[in-house]
Amino acid sequence: MNTVYLSLGSNLGDRQALIEQALKLIGSEVGQIVRASDFIETQPWGFDSENAFLNMAAKVETGFSPIDVLHATQDIERRLGRTEKSSGGHYHDRPIDIDLLMYFESDGSETIINTRELTLPHPLMRKRQFVMEPLAQIAPELVD
């Protein structure tokens, strides 16, 4: 099995319930969740909002390719109420956000992708404490 690390966040609605619903769907449709971090509350990054985020990270074992994981998680986001994606550095409030952070093949090799649709590892993850703190809980060996 391959391993993908995901970052999940929400700052609209019942944030914890939305993240838990996303995890349940990921577990049934993408792969087995083998580790999950604690939830942390953070202020929005890259835009102003009165709505704080709830964030966490998950390690998932999957048979999916990186692009298939992306498509599956985007579908989950839509089903949980996300109507628009952030693009070009323009961020906004959202009921659920699922980002692919890193992906490792079954042999342990890290997958590097840089396409218009997907970049791995996530290009901004190391600049985001709300990503790195939960990731360090579940995979300290991956965090500097």
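For reference, positions follow the sequence shown, starting with 1. Note: hydrogens, waters and symmetry copies are ignored here, and every other heavy atom, side chains too, is used.
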Identify each donor-acceptor pair in which a side-chain atom of residues 53-62 lies under 3.5 Å from a protein atom, sequence neighbours left out, and give them as a table.
residue, atom, partner, partner atom, Å
N55, OD1, T42, OG1, 2.7
T62, OG1, V30, O, 2.7
T62, OG1, F64, N, 2.9

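- Within the 4.5 Å cutoff, no side-chain heavy atoms of E20 are placed close to those of K24.
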Could you pull out every donor-acceptor pair under 3.5 Å between side chains of residues 1-8 and any protein atom, sequence neighbours left out?
residue, atom, partner, partner atom, Å
N2, OD1, S106, N, 3.0
N2, ND2, Y103, OH, 2.9

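- The shortest non-hydrogen separation linking N51 to L12 is ND2-CD2, 3.6 Å.
- Applying the side-chain hydrogen bond (donor to acceptor under 3.5 Å, both in side chains) rule to E105 yields the partners T111; only residues at least two apart in sequence or on another chain are considered.
- Scanning all heavy atoms of the two residues, the minimum distance from P66 to L100 falls at O-CD2, 3.6 Å.
- A donor-acceptor contact shorter than 3.5 Å links the side chain of D107 to the backbone of S109.
- Here R79 contributes atom CZ and I96 contributes atom CD1; the two are 12.0 Å apart, rounded to the nearest 0.5 Å.
- A heavy-atom distance below 4.5 Å is not found between the side chains of Q74 and I76.
- Side-chain contact between M125 and M102: present, with at least one pair of heavy atoms (C-beta onward) separated by less than 4.5 Å.
- Salt-bridge formation is not detected for the pair E133/R128: no Lys NZ or Arg NE/NH1/NH2 atom is positioned less than 4.0 Å from an Asp or Glu carboxylate oxygen.
- Partners of Q129 under the side-chain hydrogen bond (donor to acceptor under 3.5 Å, both in side chains) rule, at least two apart in sequence or in another chain, do not exist in this structure.
- Closest non-hydrogen pair, I138 versus A36, comes out as CG2-C, 3.5 Å.
- Contact between L18 and S10 at its shortest, heavy atoms only, is CD1-OG, 3.8 Å.
- Annotation: side chain of L120 is not in contact with side chain of F104 (no heavy-atom distance under 4.5 Å).
- Between atom OG1 of residue T73 and atom CZ of residue R78 there is a gap of 9.0 Å, rounded to the nearest 0.5 Å.
- By the side-chain contact (heavy atoms from CB on, under 4.5 Å) test, A52 is found to be paired with R15, E41, Q43, residues two or more places apart in sequence or in another chain being considered.
- We find the CG-CD distance between L80 and Q21 to be 5.5 Å, quoted to the nearest 0.5 Å.
- Not counting sequence neighbours, the partners of I67 by the side-chain contact (heavy atoms from CB on, under 4.5 Å) test are S65, L70, H71, E117, L118.
- Here the closest non-hydrogen pair linking P140 and Q137 is CD-O, 4.3 Å.
- At a threshold of 4.5 Å between non-hydrogen side-chain atoms, the residues V131 and D99 do not count as touching.
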